[in-house]
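In what follows, a structure is listed as structure tokens, so that the remarks can point back to it.
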Amino acid sequence: MRAPRRRCRPAAYRWCARSGAVRPAAGDAASRSLVAHLTEREDMTGPEGITKSEDDGADHLYRVRHSFAHVMAEAVLELFPDAKLAIGPPIADGFYYDFDLPRPLTPDDLEDVERRMRRIAAGDHRFVRSVIDREDAVQRFADQPYKLELIDNLAQDDEISLFTQDTFTDLCRGPHVGSTRQLNPAAFKLTGSAGAYWRGDERRPMLQRIYGTAWDSEEELAAHLERLAEIERRDHRRVGRELDLFSIQEQVGPGLIFWHPKGARLRSIIEEFWKQRHYAGGYELVNTPHVGREWLWQTSGHLDFYAGNMFPPMELDNSRYYLKPMNCPFHIMIYKSAIRSYRDLPLRWAELGTVYRFERSGTLHGALRVRGLTQDDAHLFCTPDQVEDEIDEVLRFSLSLWHTYGFTDLVAYLATRPEKSVGDDASWERATASLRRAIEAHGLPYEMDEGGGAFYGPKIDLHLRDPLGRLWQMTTIQFDFNLPERFDMWFADRDGSQQRPFMVHRALHGSFERFLGVLIEHYGGAFPMWLAPVQAVVIPVNPKAFPYAGKVAARLGEHGFRADADLSDNRMNAKIRTAQGQKVPYMIVVGAREEESDTLSLRTRDGTQTQGLEFAACVELFRRQVDERS
RNA sequence: GCCAGAAUAGCUCAGUUGGCAGAGCGGUUCACUCGUAAUGAACAGGUCAGGGGUUCGAAUCCCCUUUCUGGCUCCA
């Protein structure tokens, strides 16, 4: 199964959060009219223009950020008079501007630019809009090749407008604030620089992009920086190391994850839950090899359409074997191992299938973008008239899983035919329409991802929004009217004729590596009771209580809980501190008092304590939390 | 893959203009009868990512490689 494209790059959940605002679900038409509306209002705003009206908070920030981008360009031009300017849009939380500069930017340059911006923003420079005709524009930007290209791409009847503030004039559609007086010089910050291809095309020049964030007040800026710090604290790479969940080892290879005992415990809990739900949901589990002969990948089309993402072949016994990048051909081979009747369909086969894909080195990112991943993959084989129900059911199944993990904010993307693809247009359209009906039936908000489908069919991707507002691409449901054809799959229909089955690929978590990484960040390592690798640590108040602490941990183990006793020679306070740092849900403190009365003192992660709790009551409390998955 | 930055003890990091490799945490050992977020001491632990070069001398300067970080691009 092919991975969904774009939107949530591995390396870039933050980018996703940003881009969310740049490409609003409202679509282009809506944002265009919004722009028109704002431009109109801009004209009514005098030089002393109002800072903000009650009803345009979001639009106001959009203008502030857009204006800061221009201020930044002015500052960069002061520093590099020969800089070539590309584009400088506002994005969620801030802005950026792309420059073609004579030398790489250093951190000192950024500080310099920031100082200059502060000076400019502290002044009172009006943003003045003017309209010029095409010839004047071409002349004006004669030494700005990127601007010329932008002008060239404007439709013949588009108005060409400029915005000028202070010494700087830019080709720009607007809107902007009335004056730099409306920019708070203390409420912005440059957040970094990075390379970026002109127009996002790797065949075109690499520009230098400077990112910044901008707000109305210092408090809002501080709150935003605090949010970034929280994201940093929750980073799955950091938490994964601190809680000893997983590692990546340079000597072994990049993009390959080692799950340590606690991480593997978490993974195993989720696998068990996953298996149980699949059996209950009418699936059968299958297991298939990790390599297959060239024939398989030739037949499937992977060598024609996906070879760039596959590990190179291994030669043995005069055959070429390939490590599998997807599970589907193997599941098809199981289908073809017997003659199937319409009475057998639908068949729903799931596998936790570990696949290997060659991902470019620059894209690898912790557990979220790796080269070896385990997909919670399944393939549905059905008759043509069953397919809509099947897709509908898969969506329902997926949504129920996400709700269990506490993700409720979901956005769907409907991906259509890519350039490199197989099949006739009519089939693509029919399949796309049925996916759309399924999304609509579940009332999910969705966006189109034009050309983002797999080579063998259109697909639905589900993205999750976590508590920090970041989007994650996880579930994918893909229609396939190609592989059944290529493998000449058929079933015996009611009338005895041979009919082609329909096929749907789906992965709900996506990959376990990514899913666990997201889950780690979602909970910041403070897992709910049912997922916590260690659910309770028993802490003796002094060495005398060691034997009893061991006994309590063992008794909890007998009741099916994951409990450790901390019998190190640290003081009790140190043990509490350690358990707290490990984000263990419960600390159980025991001493002579507890031993005499068969009770315990329960301390939760948030520091609240219950003394004198009876052992049986503790077991009941734990059990309820595990059962409720809370 | 591309642009930029980085790599020093298990972890987090210091190391000045090139001149004997450091701290805290963690680990080991010892002592301590300790009630809800760090008891004290001693000891062990490093081919300064790897390779090459410049130099009397390189963690420090230069080159190559590997890996990581932030982006670009591509995908779960």
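Small disclaimer: the values here were computed from a predicted structure and weren't measured. Proteins get letters first, then strands, A, B, ... in listed order; numbering begins at 1 in each.
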Exercise for the section: May I ask you to say what A:R241 touches in the nucleic acid, namely base, sugar-phosphate or nothing, with a heavy-atom cut-off under 4.0 Å? Expected result: sugar-phosphate

Exercise for the section: Send over the distance from A:D100 CG to B:C2 P, rounded to a whole Å. Expected result: 18 Å

Exercise for the section: Using both distances under 3.5 Å as the test, list the Watson-Crick or G-U wobble partner of B:A31, or none. Expected result: B:U39

Exercise for the section: Calculate the interatomic distance between A:F99 atom CZ and B:C3 atom C1'; express it in whole Å. Expected result: 16 Å

Exercise for the section: Assign A:Q251 to base, sugar-phosphate, or nothing according to its heavy-atom contacts below 4.0 angstrom with the strands shown. Expected result: nothing

Completion exercise
Correct closest heavy-atom pair for A:V394 and A:R506 would be CG1-CD, 3.8 Å

Exercise for the section: Using the C1' atom as the reference point in each nucleotide, state the distance between B:G71 and B:G45 in Å, no decimals. Expected result: 37 Å

Practice task
May I have the distance from A:K544 (atom NZ) to B:G35 (atom C1'), rounded to whole angstrom?
Solution key: 14 Å

Problem - P atoms of B:A14 and B:G24, separation to the nearest Å - result: 16 Å

Exercise for the section: Rounded to whole angstrom, note down the P distance from B:U66 over to B:U29. Expected result: 42 Å

Problem - Near-ring test A:H302/A:F305, centroid separation under 6.0 angstrom - result: no

Practice task
Taking only the side-chain nitrogens and oxygens of A:H365, find out if one of them lies under 4.0 Å from OP1 or OP2 of B:G70.
Solution key: yes

Practice task
Using a heavy-atom cut-off of under 4.0 Å over every strand shown, decide if A:P104 touches base, sugar-phosphate, or nothing.
Solution key: sugar-phosphate

Exercise for the section: Using only heavy-atom distances, decide whether a donor-acceptor pair under 3.5 angstrom links the side-chain of A:E594 to the base of B:G35. Expected result: yes

Practice task
Starting from P on B:G5, measure out to CG on A:D108 and report it in whole angstrom.
Solution key: 12 Å

Practice task
Assess whether one donor atom and one acceptor atom, taken from the side chain of A:Y197 and the base of B:G71, lie less than 3.5 Å apart.
Solution key: no

Practice task
Write down the distance separating the C1' atoms in B:C13 and B:A21, rounded off to the nearest Å.
Solution key: 14 Å

Problem - Sugar-phosphate, base or nothing in reach of A:G591, heavy atoms under 4.0 Å - result: base

Completion exercise
If pairing means Watson-Crick or G-U wobble with both distances under 3.5 Å, then the partner of B:U67 is B:A6

Practice task
Report yes or no: is there a donor-acceptor pair, N or O only, under 3.5 Å between the side chain of A:R209 and the base of B:A4?
Solution key: no

Practice task
Give none if B:G1 has no partner; otherwise give the nucleotide forming a Watson-Crick or G-U wobble pair with it, both distances under 3.5 Å.
Solution key: B:C72

Completion exercise
Residue pair A:Q609/A:L207 against RNA chain B: nearer the 5' end by closest nucleotide is A:L207

Completion exercise
A:R233 CZ to B:U12 P, in whole Å, measures 17 Å

Problem - Strand partner of B:A23, provided both Watson-Crick or wobble distances fall under 3.5 Å - result: B:U12

Exercise for the section: Mind checking A:D569 for me? I need base, sugar-phosphate or nothing, with any heavy atom below 4.0 Å counting as a touch. Expected result: base

Problem - Flag if over 12 foreign heavy atoms under 6.0 Å of CZ, A:R203 - result: no

Problem - B:U65 versus B:C2 - spacing of their P atoms, nearest Å - result: 10 Å

Exercise for the section: Flag this pair as yes if the NZ/CZ of A:R209 is under 6.0 angstrom from the six-membered ring centre of A:Y96 and inside a 45 degree cone about the axis; otherwise no. Expected result: yes

Problem - A:E614 CD: over 12 foreign heavy atoms closer than 6.0 Å - result: no

Fill in the blank from the handout: A:M587 CE to B:G35 C1', in whole Å, measures 15 Å

Problem - Six-ring centre of A:Y356, A:K324 cation under 6.0 angstrom, axis tolerance 45° - result: no

Problem - Distance-only polar pair, side chains of A:E594 and A:S601, donor-acceptor under 3.5 Å - result: no

Problem - Nearest to side-chain heavy atoms of A:T363, which nucleotide of B:U39, B:C72, B:U67 - result: B:C72

Practice task
Would you classify A:A196 as touching base, sugar-phosphate or nothing, given that sugar-phosphate means primed atoms plus P, OP1 and OP2, and contacts are heavy atoms under 4.0 Å?
Solution key: sugar-phosphate

Practice task
Could you please name the partner base of B:A59, counting Watson-Crick and G-U wobble pairs only when both distances are under 3.5 Å?
Solution key: none

Fill in the blank from the handout: RNA chain B nearest-nucleotide lookup for A:G366 and A:N570: closer to the 5′ end is A:N570

Practice task
Starting at atom CZ of A:R204, determine the distance to atom P of B:C3, rounded to an integer number of angstrom.
Solution key: 18 Å

Practice task
Tell me what A:V355 touches on the nucleic acid: a base, only sugar-phosphate, or nothing, going by heavy atoms under 4.0 Å.
Solution key: nothing

Handout entry: Sugar-phosphate only, base, or nothing, as touched by A:A592 at under 4.0 Å among non-hydrogen atoms
Key = base

Exercise for the section: Pick base, sugar-phosphate or nothing for A:Q249, based on heavy-atom distances below 4.0 Å to the nucleic acid. Expected result: nothing

Completion exercise
Here the distance between atom C1' of B:U69 and atom NE2 of A:H236, to the nearest Å, is 13 Å

Handout entry: Watson-Crick or G-U wobble partner of B:U54, both distances under 3.5 Å
Key = none

Handout entry: A:L567 to A:P540 - nearest heavy-atom pair and separation
Key = CD2-CG, 4.3 Å

Problem - Touch class at under 4.0 angstrom, heavy-atom based, for A:M572 against every strand present - result: sugar-phosphate

